[in-house]
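Keep in mind it's a predicted model, so treat the numbers as computed, not measured. What's counted below: heavy atoms across the whole structure, side chains too, no hydrogens, waters or symmetry copies. Both counts, for ligands and for their atoms, begin at 1 and track the order of listing.
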Amino acid sequence: MKKIVIIGGGIAGLSAGIFAQKNGFQSTILEKHHTLGGECTGWDRQGYHIDGCIHWLVGTKEGTPLRKLWDTVGALDGVDIYDPESFMAVEHDDVTVHLYRDLERLKASWLEISPEDKEAIEELYRDVKKLHSFNMPAGKPMDMMNIIEKIKFMLSMKDIGPVMQKYSKMSMQDFARKFKHPALRETLASFLPEGQYSALSIIFALGTFTGGQSSIPYGGSKALAQRMLKRYLSLGGNVETSSEVVGLDIERTVVKRVECKNGKSFKADFFIAACDARTLYERLLKGQYPDPEFEKRFSNPTLYPLASNIYVGIGYEGTMDEIPRTLKFPVRSVNIKLNQKQIEHLQMTHYAYEPDFAPAGHTVITFAINQFQPELEAWEALAKDKEAYAREKARIGEAVINAMETRFPHMAGKLKLLDVASPQTYERYCNAYRGAFMGFWPTIRGKSLAHTGRIKGLKNMVLSGQWLQPPGGLPIAVITGKDTIMRLCKAEKRPFVGE
Ligand SMILES: Cc1cc2nc3c(=O)[nH]c(=O)nc-3n(C[C@H](O)[C@H](O)[C@H](O)COP(=O)(O)OP(=O)(O)OC[C@H]3O[C@@H](n4cnc5c(N)ncnc54)[C@H](O)[C@@H]3O)c2cc1C
């Protein structure tokens with residue numbers, strides 16, 4: 001039986017492992033951390049569970065190709081799906097803009113806020129509705145399709161393609177400027193920072209959310225990863241945790257062995273790097289096997305930006321059922337300055353729908369404060385001074401609590417800071433370059449990437465995971481893990497077992 005070593009036990013590594021086992025390989029996942037799941041995780045603090053990932057999962061709709069894939073890897077086994085009524089609510093002065101799941105309701109509520117924006121609202125409605133017919137492809141990757149399959153795929157995209165094209169070339173700010181009402185404008189503009197970020201991000205999110213394609217599996221992110229791990233182990237896969245790969249033994253064009261920091265080494269016929277792309281090219285391959293597509297992207301962060309998060313966990317001694325699950329509110333009376341950048345909004349998500357995430361009568365809340373290029377560099381520099389880094393995290397945590405108490409005076413004295421993760425936290429735990437939580441963010445001038453993971457000069461090692469296709473995220477991780485094994489089966493001339 002041919003052996004595969006998979007470096008990294010995130011969602012891509014687990015997906016690759018499951019399909020490796022299904023297809024007659026003997027695989028071992030080597031994971032740096034003591035637990036699997038990678039960025040799809042959660043952690044316990046002071047009696048609360050902080051969910052560290054899924055705000056929405058594309059592929060929860062029954063009968064779609066992606067749902068089938070999630071089912072095959074056991075991610076949604078025996079779990080109910082929670083459908084929140086709104087994707088997010090955004091407050092502006094005394095107006096609250098809801099991004100409702102029901103697109104008709106969304107349109108009606110926006111028209112009520114701003115009848116003078118009728119034209120722009122109806123255009124948005126029409127375009128989002130077109131995306132309802134979009135099913136994220138989860139079958140064969142493009143490079144494995146024959147000409148007939150490619151034509152069929154193109155035809156399936158005929159209504160959606162123009163919408164994607166239109167918004168991928170429109171900046172978020174230009175899109176926001178189509179609306180006259182300041183609350184609608186701010187709802188869109190605050191989605192991403194000023195610059196070249198494409199409006200496709202919000203259109204795609206709204207399309208999948210209002211089309212019923214994306215929702216939230218109960219139990220959260222860590223439980224989802226654990227279900228995949230269970231499926232992998234049940235198929236005979238091996239796992240080695242606390243096993244960070246730090247070296248490769250390469251003879252000519254063939255990787256013979258990987259070496260771990262803990263002194264263990266593993267031989268195999270094939271190696272799959274289901275880890276951060278920068279970790280692979282720089283740390284493991286030591287710059288000896290550069291890939292022009294990735295070089296271009298890493299050296300041009302303006303066209304190909306990365307995003308990370310400050311992720312604040314707060315425990316509230318009370319219930320929040322009456323407050324939208326995800327709410328963005330302006331921060332006025334409290335100054336939160338991060339690395340000299342004034343934060344104008346805070347986005348919170350509460351988990352009232354998950355009673356097991358908090359003690360009885362309490363609720364856990366998270367704040368995701370997106371961090372982009374200049375902030376990521378500042379965090380990298382700050383982390384070098386451990387005390388200053390800890391002070392900054394504590395300061396941010398306190399500032400978020402103050403902002404929360406200003407917005408919700410009845411919560412004063414009942415909020416407890418549980419945890420503050422920074423971009424450096426993701427770097428430390430997952431080797432994520434600059435803490436990136438997705439791949440390269442789509443911009444209006446950046447080119448789309450569809451990488452097969454092949455490493456030029458190496459015959460038996462490939463990259464897999466969220467870095468192969470923008471914008472990354474859980475669907476890309478699970479799809480690319482599967483695709484990697486599909487390509488391997490083709491190279492080995494064996495039929496691919498996909499179910
Ligand atoms: C706060 C936050 C919110 C998010 N929200 C969503 C969401 O709502 N929806 C969504 O779809 N996506 C979301 N994401 C993104 C999603 O979590 C990632 O896209 C996805 O988990 C990436 O999976 P991956 O397997 O490709 O990579 P990773 O999760 O990065 O997995 C790589 C694994 O490799 C391990 N590793 C790295 N180097 C080595 C080494 N040298 N040796 C051994 N092991 C190594 C790491 O420890 C890690 O376990 C979110 C992420 C974050 C951080």
Chemist: For the pair Asp419 and Arg45, evaluate salt bridge (charged side-chain N to carboxylate O under 4.0 Å, His left out) and give the outcome as yes or no after the intermediate values.
Modeler: CA-CA 7 Å; Asp419 191 45; Arg45 291 286 182 278; 3.7 Å; yes
Chemist: Regarding atom 18 (C) of ligand 1: of the candidates Phe437, Tyr433, Trp467, which has the closest heavy atom?
Modeler: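 The nearest heavy atom belongs to Phe437.
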Chemist: Please confirm whether the ring centroid of Phe209 lies under 6.0 Å from the ring centroid of Trp56.
Modeler: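 When the ring centroids of Phe209 and Trp56 are compared, they turn out to be at least 6.0 Å apart.
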Chemist: Of all the atoms in ligand 1, which lie at a distance below 4.0 Å from a heavy atom belonging to Gly473?
Modeler: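 Those atoms are 11 (O), 12 (N), 19 (O).
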Chemist: Considering the heavy atoms of Pro475, write down every atom of ligand 1 situated less than 4.0 Å from one of them.
Modeler: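 So the answer, numbered in order with elements, is 11 (O).
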Chemist: Is Ala12 in polar range of ligand 1, meaning some N or O pair under 3.5 Å apart?
Modeler: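 Yes - when backbone and side-chain N and O of Ala12 are compared with those of ligand 1, one distance drops under 3.5 Å.
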Chemist: Distance to 0.1 Å, residue and atom name: give those for the protein heavy atom nearest to atom 36 (N) of ligand 1.
Modeler: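 Minimum-distance protein heavy atom for atom 36 (N) of ligand 1 reads Cys275 CB, 4.0 Å.
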Chemist: Decide yes or no for Phe204 and Phe134: does some side-chain heavy atom of the first lie under 4.5 Å from some side-chain heavy atom of the second?
Modeler: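 Yes, close enough: below the 4.5 Å cut-off.
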Chemist: Between Arg395 and Glu392, does any side-chain N to carboxylate O distance fall below 4.0 Å?
Modeler: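 Here Arg395 pairs with Glu392 in a salt bridge, since their nearest N and O are under 4.0 Å apart.
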Chemist: Is Gly465 in polar range of ligand 1, meaning some N or O pair under 3.5 Å apart?
Modeler: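 In fact, backbone or side chain, Gly465 has no N or O that close.
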Chemist: When you compare ligand 1 with Gln466, is there at least one nitrogen or oxygen pair between them that comes in under 3.5 angstrom?
Modeler: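 Among all N and O atoms of Gln466, at least one is under 3.5 Å from an N or O of ligand 1.
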Chemist: Locate the shortest heavy-atom distance separating Tyr426 from Ser308; write the atom from each residue and the value.
Modeler: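 Where Tyr426 meets Ser308 most closely, the heavy atoms are CD1-OG, 3.8 Å.
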Chemist: In terms of side-chain geometry, is the basic nitrogen of Arg101 or Glu85 positioned less than 4.0 Å from the acidic oxygen of its partner?
Modeler: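 Between Glu85 and Arg101 there is no salt bridge, as every charged N stays at least 4.0 Å from the carboxylate O atoms.
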Chemist: Would you mind listing which atoms of ligand 1 come within a distance below 4.0 Å of any non-hydrogen atom of Asn431?
Modeler: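 Those atoms are 37 (C), 38 (N), 39 (C), 40 (C), 41 (N).
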Chemist: Examine the side chains of Tyr316 and His362 and answer whether a donor and an acceptor come within less than 3.5 Å of each other.
Modeler: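 No, no side-chain donor-acceptor contact under 3.5 Å.
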Chemist: Okay, side chain of Glu354, backbone of Tyr351: is any donor-acceptor separation there less than 3.5 Å?
Modeler: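 It does not hold such a pair.
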Chemist: Taking atom 24 (P) of ligand 1 as the point of reference, which of Ser308, Ser221, Ala477 owns the nearest heavy atom?
Modeler: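 Residue with the shortest heavy-atom distance to the ligand atom: Ala477.
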Chemist: Examine the side chains of Thr41 and Ser221 and answer whether a donor and an acceptor come within less than 3.5 Å of each other.
Modeler: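 No, Ser221 and Thr41 have no side-chain donor paired with an acceptor closer than 3.5 Å.
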Chemist: For ligand 1, which is the ligand I care about here, please tell me if Ile11 has any N or O atom under 3.5 Å from one of the ligand's N or O atoms.
Modeler: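 Right, the criterion is met.
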Chemist: In plain terms, say whether Glu293 and Arg297 are close enough for a salt bridge, that is, a side-chain N and a carboxylate O under 4.0 Å apart.
Modeler: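 The answer is yes: the pair qualifies as a salt bridge.
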Chemist: Using heavy-atom distances only, which candidate in Glu39, Arg278, His34 approaches atom 28 (P) of ligand 1 most closely?
Modeler: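 Nearest heavy atom to atom 28 (P) of ligand 1 lies in Glu39.
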Chemist: Which atoms of ligand 1 are found less than 4.0 Å from any heavy atom of Leu30?
Modeler: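 Ligand 1 atoms under the 4.0 Å threshold to Leu30: 43 (C), 44 (N).
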Chemist: Is it possible for you to check whether Arg278 lies under 6.0 Å from the centre of the six-membered ring of Phe298, through NZ or CZ, and within 45° of that ring's axis?
Modeler: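 Satisfied, under 6.0 Å and within 45°.
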Chemist: From atom 32 (C) of ligand 1, work out which of Cys430, Ala274, Ala432, Gly52 has a heavy atom at the shortest distance.
Modeler: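 Selected option, by shortest heavy-atom distance: Ala274.
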Chemist: Mark the output for Ser243 as yes if a heavy-atom distance to ligand 1 is under 4.0 Å, and as no if none is.
Modeler: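 Yes.
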Chemist: Between Arg434 (side chain only) and Gln424 (backbone N and O only), is there a donor and an acceptor less than 3.5 Å apart?
Modeler: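 No, Arg434 side chain to Gln424 backbone: no donor-acceptor pair under 3.5 Å.
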Chemist: Using only heavy-atom distances, determine whether the side chains of Thr72 and Arg231 contain a donor-acceptor pair under 3.5 Å.
Modeler: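 Judged by distance alone, the side chains do not pair up.
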Chemist: Record the part of Ile54 in heavy-atom contact with ligand 1 below 4.0 Å; permitted values are side chain, backbone, both and neither.
Modeler: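 Contact part for Ile54 vs ligand 1: backbone (N, CA, C, O).
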Chemist: Which residue and non-hydrogen atom of the protein lie closest to atom 9 (N) of ligand 1, and at what distance in Å?
Modeler: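 So the nearest neighbour among protein heavy atoms is Trp56 O, 2.9 Å.
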Chemist: Report the part of Tyr429 in contact with ligand 1, treating N, CA, C, O as backbone and CB onward as side chain, heavy atoms under 4.0 Å; options are side chain, backbone, both, neither.
Modeler: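 The answer is the backbone of Tyr429.
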Chemist: Just going by heavy-atom distances, which of His33, Glu31, Lys32 is nearest to atom 48 (C) of ligand 1?
Modeler: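 It is Glu31 whose heavy atom sits nearest to atom 48 (C) of ligand 1.
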Chemist: Please identify which atoms of ligand 1 are closer than 4.0 Å to at least one heavy atom of Glu244.
Modeler: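 That gives atoms 40 (C), 41 (N), 42 (N), 43 (C) of ligand 1.
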Chemist: Less than 6.0 Å separating the ring centroids of His451 and Phe294?
Modeler: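 Close enough - the centres of the two rings lie under 6.0 Å apart.
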Chemist: Any idea which protein heavy atom is nearest atom 3 (C) of ligand 1, and the distance to it?
Modeler: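 Protein heavy atom at minimum distance: Cys53 O, 3.4 Å.
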Chemist: How far is atom 34 (O) of ligand 1 from the closest protein heavy atom, and which atom is that?
Modeler: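 So the nearest neighbour among protein heavy atoms is Gly8 CA, 3.2 Å.
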Chemist: Look at ligand 1 and say whether Ile7 reaches it with a heavy atom at a distance under 4.0 Å.
Modeler: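 Yes.
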Chemist: Specify the protein heavy atom at minimum distance from atom 11 (O) of ligand 1: its residue, its atom name, and the distance to 0.1 Å.
Modeler: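 In this structure, atom 11 (O) of ligand 1 has Leu474 N, 2.9 Å as its nearest protein heavy atom.
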Chemist: Please say whether His55 places an N or O atom under 3.5 Å from an N or O atom belonging to ligand 1.
Modeler: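 For ligand 1, there is an N or O atom that lies under 3.5 Å from one belonging to His55.
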Chemist: Looking only at heavy atoms, is any part of Asn309 under 4.0 Å from ligand 1, and if so is it the side chain, the backbone, or both, or is it neither?
Modeler: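 Contact part for Asn309 vs ligand 1: side chain (C-beta onward).
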